[in-house]
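What follows is one structure encoded as structure tokens, with my remarks underneath.
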2 protein chains.
Amino acid sequence: MKYVSKNQLQRYPVYHKLLLNHLKNGEEFISSRVIAAELGYSEEQVRKDLQAITTYPGTPKRGRNLNELVLSLEEFLGYNDMSQAILIGVGHLGAALLNYKLFPQMGLKIIEAFDNDPKKVGLTINNIEVKDYSSIKEFIKSSGVKIAILCIPGENLQVIVDEIVKMGIVGIWNFAPGVINVPDRITVQNVDLASSFAVLTHNMKQKIKAK
Amino acid sequence: MKYVSKNQLQRYPVYHKLLLNHLKNGEEFISSRVIAAELGYSEEQVRKDLQAITTYPGTPKRGRNLNELVLSLEEFLGYNDMSQAILIGVGHLGAALLNYKLFPQMGLKIIEAFDNDPKKVGLTINNIEVKDYSSIKEFIKSSGVKIAILCIPGENLQVIVDEIVKMGIVGIWNFAPGVINVPDRITVQNVDLASSFAVLTHNMKQKIKAK
DNA sequence: TTAATTTCGGTAAAACAGTATCGATTGGAT
DNA sequence: ATCCAATCGATACTGTTTTACCGAAATTAA
């Protein structure tokens, strides 16, 4: 398996989703050119991306075996061995994520949720129980869960992060706004709405200028 | 104003958020070195990023004027002239976004929401009314709104996109999974949870390997 | 069976982004 | 008043990511 850059990595789930649609249509082969055209990528980039994670080559004039390609993507993305995670903070956004239907397809299963609001504790959302935050330590220890999804307000963010890291969490998917500091061995992935929106508005401005 | 790369662009809201905190503490100056340390960036990168969007230089031994820096960032990011947007699809995620408290700080105001579910239509969430999707055309025309936030299931995604583009929407913030095709003049920014989660798990694996 | 065409994989070149270096300038300490 | 340390901006360098190119291989069609 070759080295994969961050941008490249983010493209793989996009390929996966597209290819699933083609697979549904009963197609058997697909060429890099077709994929590139549908996604708006360059042909060379698609070829390089796919070469990096597949073991079997494609065949000239036909392209790649669609089924094999999907399997390679799922293997690479780890969609086969489901990742278990806990969710912390059952506010509007946290509840929406508990209800998010596509996580299983992405190899993610939320096994428990935590909040410190008594009104939330005891609820069951999409078959996931909401427990009191005070019980989180025991749960992390006993379940061995490694990933936490953070949906808490910004104020206590770093405090909570420090706590759960000490309890054994090594991967943090952070939906809360704000920067968090962790030791090197911990992985953090931020979902930063402000950054995403900034890209949108900036690109809109650029297009207006270009006219 | 110099050219700004996409990665660079995504860092500016992060700077902005950090600097607001420092401003709250009553600080007057801040050096690139301090910013770099707090965000885990390199000192040079911070300096280069800030140089690209500011007009006034920093002063040696003190750093940059914090207030001026924040103003430059807000100016660059367009936080001053508030962007108006509509939201389409008031499901769990859509409702969570309607309740999201930080949009005003990001220069975003959602002025109306649309859904085709009669149970949703007529609700008012966080002072935003949910209207029937059939009335969207009139609203876009009369309000002149340019940005749409999409939170609809994947099935009708492209159909809706084609419709709203025809009605005058030019910027789409897409929270729905799946690739959408638009004319060149339209800007799309995807919030792709699958890609984000893939980066998290991949980085976690890399760290385990590196041990 | 042969020719034409498509697509492949690998390599080379170009573009881009990030890092390091360096002289200049300023503020504060002595 | 002078010196020292910190920070700046600019530029040069390095590395990474993307794009372009090219010969080879395989399928389809004549």
Side-chain angles (χ1 to χ4, degrees), chain A residues 1-15 18-19 22 27-69 72-73 76 195 198-199 202-203 206, chain B residues 1-15 18-19 22 27-69 72-73 76 195 198-199 202-203 206:
Chain A
M1 198 80 57
K2 289 168 199 164
Y3 166 79
V4 161
S5 77
K6 194 188 160 187
N7 290 345
Q8 201 176 351
L9 178 53
Q10 294 188 63
R11 288 192 291 268
Y12 289 120
V14 180
Y15 291 126
L18 182 83
L19 296 178
H22 281 268
E27 299 165 43
E28 201 174 346
F29 290 91
I30 191 164
S31 74
S32 298
R33 178 171 293 177
V34 171
I35 297 174
E38 298 196 9
L39 294 178
Y41 298 167
S42 82
E43 200 177 317
E44 291 85 358
Q45 186 171 66
V46 173
R47 208 165 278 141
K48 238 187 132 198
D49 284 349
L50 299 184
Q51 277 174 32
I53 60 149
T54 51
T55 42
Y56 297 97
T59 53
K61 194 78 178 177
R62 271 201 308 201
R64 285 170 174 282
N65 182 295
L66 191 46
N67 198 47
E68 203 166 271
L69 196 46
S72 293
L73 279 164
F76 174 77
S195 290
V199 174
H202 186 263
N203 287 344
Q206 293 302 108
Chain B
M1 196 83 54
K2 289 167 197 164
Y3 165 80
V4 161
S5 77
K6 195 187 160 188
N7 289 346
Q8 202 176 348
L9 179 53
Q10 295 188 64
R11 287 192 292 267
Y12 288 121
V14 180
Y15 292 126
L18 182 82
L19 296 178
H22 281 269
E27 297 165 44
E28 201 175 346
F29 291 90
I30 191 164
S31 74
S32 299
R33 178 172 293 175
V34 171
I35 298 174
E38 298 195 9
L39 294 178
Y41 299 166
S42 83
E43 199 177 319
E44 293 83 0
Q45 185 171 68
V46 173
R47 208 165 279 143
K48 242 185 133 189
D49 284 349
L50 299 184
Q51 275 175 34
I53 60 150
T54 51
T55 42
Y56 296 96
T59 53
K61 194 78 179 183
R62 271 203 309 204
R64 286 170 172 283
N65 182 295
L66 191 46
N67 199 47
E68 203 168 87
L69 196 46
S72 294
L73 279 164
F76 174 77
S195 290
V199 174
H202 187 264
N203 287 345
Q206 294 301 108

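If you're wondering where the values come from, they're calculated on a predicted model, not measured in any experiment. Below, chains carry the letters A, B, ... as their sequence lines are ordered, and counting in each starts from 1. Hydrogens, waters and symmetry mates play no part in the numbers below; they use all other heavy atoms, side chains included.
Shortest non-hydrogen contact noted between A/Q8 and A/Y3 is OE1-O, 4.1 Å. The two atoms that bring A/L9 and A/V4 nearest to each other are N-CG1, 3.8 Å, heavy atoms only.
Protein atom CD of B/E28 is 14 Å distant from nucleotide atom C1' of C/dG27, rounded to whole Å. Per the geometry, OH belonging to B/Y41 stands 16 Å off P belonging to C/dA17, to the nearest Å.
Side-chain atoms of A/R64 and A/T54 include a donor-acceptor pair closer than 3.5 Å.
The aromatic rings of B/Y15 and B/Y41 sit perpendicular, their planes meeting at an angle over 60°, well past the 30° parallel limit.
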Check nucleotides 8-14 of chain C for protein N or O atoms closer than 3.5 Å to its own N or O atoms and list the pairs.
from  : atom 1 : to    : atom 2 : distance (Å)
C/dC8 : OP1    : A/S32 : N      : 3.3
C/dC8 : OP1    : A/S32 : OG     : 3.3
C/dC8 : OP2    : A/S32 : OG     : 3.4
C/dC8 : OP2    : A/R47 : NE     : 2.9
C/dC8 : OP2    : A/R47 : NH2    : 2.8
C/dG9 : OP1    : A/G58 : N      : 3.0
C/dG9 : OP1    : A/R64 : NH2    : 3.1
C/dG9 : OP2    : A/Q51 : NE2    : 3.3
C/dG9 : OP2    : A/R64 : NH2    : 3.2

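For DNA chain D, the span of nucleotides reached by chain B at under 4.0 Å from its heavy atoms goes, 5' to 3', from D/dA5 to D/dA10.
Atoms CG and NE2, from A/N67 and A/H22 in turn, are 14.5 Å apart once rounded to the nearest 0.5 Å. Of the inter-residue distances, the one linking B/L19 atom CG with B/E27 atom CD reads 9.5 Å to the nearest 0.5 angstrom.
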- Item | Verdict with reasoning, B/H202 to A/F76, per ring-ring contact (aromatic ring centres under 6.0 Å, His included) | CA-CA 9 Å; B/H202 187 264; A/F76 174 77; 5.5 Å; yes

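Distances shorter than 4.0 Å separate some side-chain N or O of B/Y3 from OP1 or OP2 on C/dA17.
Classification of A/R47 and A/E43 as a salt-bridged pair holds, one side-chain N sitting under 4.0 Å from a carboxylate O.
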